[in-house]
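Whatever order the structure lists ligands and atoms in, that order sets their numbers, starting from 1.
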Amino acid sequence: MNTEFYKELIDKLNKKNVTLVAVSKTKSAEEILKLYDLGQRDFGENYVQELVEKEAQLPKDIHWHFIGHLQTNKVKLIAPFIYLIHSVDSVKLLKQINKEAKKNSRNIDCLLQVYIACEDTKFGFEENELKEIIQMNQAKQIPLEHTCIKGLMGMASFTNDLSIVKKEFNSLKLLFDQFAKKISDCPFQILSMGMSADYETAIEEGSNMVRIGSLLFGKRIYTDHS
Ligand SMILES: *Cc1c(COP(=O)(O)O)cnc(C)c1O
């Protein structure tokens, strides 16, 4: 873990009011604790099983962010403690989150993941689907007493061409601004975009929450999660 880099980064982000989610997937509890000891409290994971195991071992004041594709049948495993789910990509999932939040007598904050990349490997809503959700929400057709839609999340294309990335982030910011006025029940204020390779571009385009893994923890070595 790169302590100097972390300190510089958190300083820079604090000045810009950008929240850092340290993406700790594949990293050990010990590695997470090193960042925790420097004051970091927001951590992001994208596998349910891995998250549940880490949550059990680590301090309870950590804000756990779920950033990966979430299957509806796994929501119950994280519902008791999850802080923010960035990756809501279907109405079915939203309903399930609401149901499990209710069972746990709590509220779960969510972001809607929006498809902005020009590749078909990424999850998320298309713009027209997002509009439908807003309408359904306004018409109270989706039960959301135990969830709050707090904003949007998006992932740019995996490319070295930052002009493409910039354009994609800009399109998400425009959607965010457009919808911010329309969702009334909860403050719509989080725009989660930017990872190690493109967080600076994301911030220039209006991101206020970045999800950074490899720059903090070093490259990941993947194990089989299936
Ligand atoms: C892994 C991951 C990140 C962090 O990626 P890095 O390139 O390591 O910073 C951010 N967001 C999501 C959704 C991820 O799965």
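By the ring-ring contact (aromatic ring centres under 6.0 Å, His included) test, Tyr83 is found to be paired with His63, His65, residues two or more places apart in sequence or in another chain being considered.
Counting atoms of ligand 1 from 1 in the listed order, those under 4.0 Å from a heavy atom of Gly213 are 4 (C), 6 (P), 8 (O), 9 (O). Against a heavy-atom cut-off of under 4.0 Å, Arg211 is close to the following atoms of ligand 1: 4 (C), 9 (O), 10 (C), 11 (N), 12 (C), 13 (C). For ligand 1, the atoms lying closer than 4.0 Å to a non-hydrogen atom of Ser196 are 6 (P), 7 (O), 8 (O), 9 (O). Proximity to Lys25 (heavy-atom distance under 4.0 Å) selects the following atoms of ligand 1: 1 (C), 2 (C), 3 (C), 14 (C), 15 (O). Atoms of ligand 1 lying under 4.0 Å from at least one heavy atom of Ser214, given by number and element, are 6 (P), 7 (O), 8 (O), 9 (O). Atoms of ligand 1 lying under 4.0 Å from at least one heavy atom of Asn46, given by number and element, are 15 (O).
Considering backbone and side-chain N/O of Ile212, none are found under 3.5 Å from N/O of ligand 1.
Under a hydrophobic clustering in which Ile, Leu, Val, Met, Phe, Trp and Tyr are joined whenever their side-chain heavy atoms come within less than 4.5 Å, directly or via other members, Val88 and Met136 fall into the same cluster. When the side chains of ILVMFWY residues are joined at heavy-atom separations under 4.5 Å, either directly or via intervening members, Ile164 and Tyr199 end up in two distinct hydrophobic clusters.
For the salt bridge (Lys or Arg N to Asp or Glu O under 4.0 Å) with Glu45, the lone residue among Lys25, Arg211, Lys54 that qualifies is Lys54.
Counting heavy atoms closer than 4.0 Å to ligand 1, residue Ile67 contributes atoms from both its backbone and its side chain. Counting heavy atoms under 4.0 Å from ligand 1, residue His86 does not touch it at all.
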For this session: I would like to know whether Ser163 and Asp161 meet side chain to side chain donor-acceptor pair (under 3.5 Å); could you show each step before the answer?
Result: CA-CA 5 Å; Ser163 71; Asp161 186 345; 2.6 Å; yes
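With side-chain heavy atoms closer than 4.5 Å counting as contact, directly or through intermediates, the hydrophobic cluster containing Val23 also holds Ile67.
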